[in-house]
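See below for the structure under consideration.
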Amino acid sequence: MLDSFSALSVASNVVQFVSFSTKLLSKSCELYSSTTGSTAKHTKLETLYQDLRQLSQKLSSSSQSTSEEIECSPEEHALGRVADSCKETADELLSTIHGLKVTTGSRRKWRSFRQALKSVWKQQKIEALQKRLDAISGQFNLHFAAVLRDQQLALLRQLQYLTQESRRVDSDRKDQLEHLAEDLRSIEPKRRSTFSEDEVNSIVTALAEATVTISDVAKEHKILDSLWFQTLKARQRKVTTAYDKTFDWIFTPTSQTSVPKCSTIAFPVWLESGTGIFWIAGKAGSGKSTLMKYLISHQATESNLLAWANGAKFATASFFFWNAGNHMQKSQEGLLQSLLYEVLRKCPELAKVVCPNRWDWADRDFVMNGTWDLVELSETMNRLAHQKSMSAKFCFFIDGLDEYDGFHADIVNILGILTQSANIKVCLSSRPWNIFEDAYGRHTERRFYLQDMTRGDIEYYTTRSLESHMTFMFLSSDKVQCRELIQEIAKKSQGVFLWVFLVVRSLCEGLTDGDSILTLRARLDLVPSDLEEFFRHILESVDGIHRKSMARTFQEALRAKEAPQLLGFSFLDEPDPDFALSLEVREMDQIEYRHAVQACADE
């Protein structure tokens, strides 16, 4: 089958010629209204000649596009033969008009082209021409309806595929494609006795526009596919979801004295009207990643950014650095590629603007499937920051800047360049290292230290977690000591949520063992307040007989280039290091699989 442009071009040229020639033969097609010359509404012989010659050239192109050497459907070949007939007729008329010009000169004047034609053709020949045009019109109507049906079905199949792909990646194009499919279905492809020139032009315009849209969306999807990588959202998915009602203070000021009011209102104000970079600093384990995940999905974030966009389109994108992950999870390439993927997924119309080279080469798979290097990613992001083709704004959420595997000054510089654009702002989180303090710490209205903000959240989480244990409910009759225990946990945590989580888990184990409130206090006193010391305490509490196995497990986890599977660890306790070589090659059944994974999890 021809591409839509070629088939529609043939149809448009044929119907234009038939309409033009039919009007020529009518008595109303005047050449001159008087012996004094032509008016603006009347056609000169020379103008007729030039118009017909242009039509003949178009028909010649149409004939070539449907030649036997080119793969076409039977109906498209038939339409091509109609174009051939039109070309022959056009050439015959051109020759006649040229003869009229040569033999009669410009002094001879006729009321109509038909009258002029009678001076060189017999009436019988003129009537034969009229019949030929009527036959061409009939053949055109027959074959155009069939070609229209085929083109419509072909476009609908492409739309169906692209719509499914748009749903898969949640592209902003999916609604537009669904509406376009409805418009295409509304075109009636059934055979008619006639298609007027206006009807054909209207149908051709609609199908041509649909073809352009489909081609553009296909290119957008190719560019999106080239940006996607397997671990694009892996780290973000693994981040713990915020505990119920924690972090609400960032959008809703509370009466908690531990949460400075200036900090509770600064972030939503920045979202709604601020610029540049908002920095969330915090100790290791203070909950920065959980907070970032909370902010990205919170309705208040979207509503505030909607006000910032002020009617313009806006999009958010996020990236979570992870030093223990693969290269794309801790590099500039991973950051920029992830942000670009999210932006072009939500604003696909920007692909043509920010990726001009890939757009131009979109039909060449070996180019589109190529990996992106840092230079191309940086240039693309720079074009995004300074594009003027559409009024769009972007807010990026970048977590774990301290986990970037490279010179941190480089990443600070890149973010600084990006936020020079009034259309881009960035919320980022990191540990309060000197390089980040120097870059972002001086803007007090655009930063806070998370461990200073979460005292109320920690007390709430600790209370709810302990109260969910039946034994603690019996102990809570001594409300003073229980309250003091919870406050001591919050104080000793120094705002480190991970420390709180581990301590609460230890206390719940004690409750299961029947610990009294005094024993719980003693258990808390044994726990170091420093997180790293706490980890050391946990490791040293492991029974000596299991430490060798524990060390081997840690070594394998550190050596893994990708996130290791739990099943793989189940083989570490095999006494024979070459045991796999003697195993029978077969698929592991579900019972074996569950047993191996459960045994590993229990350890």
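Residues Leu520 and Leu466 are not in side-chain contact: their nearest non-hydrogen atoms beyond the backbone lie 4.5 Å or more apart. Counting heavy atoms from C-beta outward, Phe397 and Asp399 have side chains that stay 4.5 Å or more apart. Put simply, the side chain of Thr454 does not reach to within 4.5 Å of the side chain of Leu291, judged on heavy atoms. A 4.5 Å side-chain heavy-atom check between Phe472 and Leu507 finds every atom pair outside the cut-off. Counting heavy atoms from C-beta outward, Phe436 and Arg431 have side chains that stay 4.5 Å or more apart. The shortest side-chain heavy-atom distance between Thr231 and Arg235 does not fall under the 4.5 Å cut-off. Taking the side chain as every heavy atom from C-beta outward, Val503 and Leu524 approach each other to under 4.5 Å. Under the 4.5 Å side-chain criterion, counting only non-hydrogen atoms from C-beta, Met328 is not in contact with Leu232.
Salt bridge status for Arg483 with Glu459: present, with a side-chain N to carboxylate O gap under 4.0 Å. With respect to Asp225 and Arg168, a salt bridge is recorded, a charged nitrogen being found less than 4.0 Å from a carboxylate O.
Sorted by first then second residue, the salt bridge (charged side-chain N to carboxylate O under 4.0 Å, His left out) pairs that include residues 283-293, not counting sequence neighbours, number zero.
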request  = Test Arg521 against Glu484 for side chain to side chain contact (heavy atoms under 4.5 Å, CB included), laying out the working first.
outcome  = CA-CA 10 Å; Arg521 287 297 300 263; Glu484 288 178 350; 4.1 Å; yes

request  = Starting from the C-alpha separation in whole Å, work towards a yes-or-no answer on side chain to side chain contact (heavy atoms under 4.5 Å, CB included) for Thr419 and Thr275.
outcome  = CA-CA 8 Å; Thr419 51; Thr275 60; over 6 Å; no

message = Under the criterion side chain to side chain contact (heavy atoms under 4.5 Å, CB included), I'd like the reasoning laid out for Leu428 against Tyr440: C-alpha separation, chi angles, the key distance, then a yes or no.
response = CA-CA 10 Å; Leu428 59 86; Tyr440 314 123; 4.0 Å; yes

inquiry  = Could you walk me through whether Phe247 and His298 satisfy the side chain to side chain contact (heavy atoms under 4.5 Å, CB included) test, starting with their C-alpha distance in whole Å, then the side-chain angles of each, then the deciding distance to 0.1 Å, before giving a yes or no?
reply    = CA-CA 11 Å; Phe247 297 137; His298 201 288; over 6 Å; no

key: Trace of the side chain to side chain donor-acceptor pair (under 3.5 Å) decision for Lys233 with Ser338   = CA-CA 9 Å; Lys233 289 295 181 183; Ser338 179; 4.9 Å; no

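In terms of heavy-atom proximity, Phe251 sits nearest to Pro268 at CD2-CB, 4.2 Å.
When Asp405, Ile398, Asp402 are each tested for a side-chain contact (heavy atoms from CB on, under 4.5 Å) with Phe321, only one passes: Ile398. No option in Phe394, Trp279, Phe396 other than Phe396 meets the side-chain contact (heavy atoms from CB on, under 4.5 Å) test with Val426.
Atom SG of Cys508 sits about 11.5 Å away from atom CG of Asp513, to the nearest 0.5 Å. Rounding to the nearest 0.5 Å gives a distance of 10.5 Å between CG of Leu227 and CG of Leu336. Rounded to the nearest 0.5 Å, atoms OG1 (Thr163) and NZ (Lys174) are 11.0 Å apart.
Atom CD of Gln299 has more than 12 heavy atoms from other residues, nucleotides or ligands within 6.0 Å.
Between Trp270 and Phe278, the ring-plane angle classifies as tilted under the 30° and 60° cut-offs.
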Please set out all donor-acceptor pairs under 3.5 angstrom arising from side-chain atoms of residues 529-536, sequence neighbours excluded.
from, atom 1, to, atom 2, distance (Å)
Asp530, OD2, Glu532, N, 3.1
Asp530, OD2, Glu533, N, 3.1

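Side chain of Asp172 to backbone of Cys347: no donor-acceptor contact under 3.5 angstrom is found. In this structure, Thr246 contributes its side chain and Ala242 its backbone to no donor-acceptor pair below 3.5 Å.
Looking only at atom types and distance, the side chain of Arg345 has no donor-acceptor partner in the side chain of Tyr341 under 3.5 Å away. Checked by atom type, the side-chain pair Thr519/Ser516 shows a donor-acceptor distance below 3.5 Å. Side-chain polar atoms of Gln176 and Arg173 form a donor-acceptor pair below 3.5 angstrom.
With sequence neighbours excluded, no residue forms a side chain to side chain donor-acceptor pair (under 3.5 Å) with Tyr243. Remark: Glu403 engages no residue in a side chain to side chain donor-acceptor pair (under 3.5 Å) (not counting sequence neighbours). Legend: residues meeting side-chain contact (heavy atoms from CB on, under 4.5 Å) with Glu509, ordered by chain and number and at least two apart, are Arg505. Looking at residues two or more places apart in sequence or on another chain, you find a side-chain contact (heavy atoms from CB on, under 4.5 Å) between Arg383 and Val354, Pro356, Glu379, Thr380.
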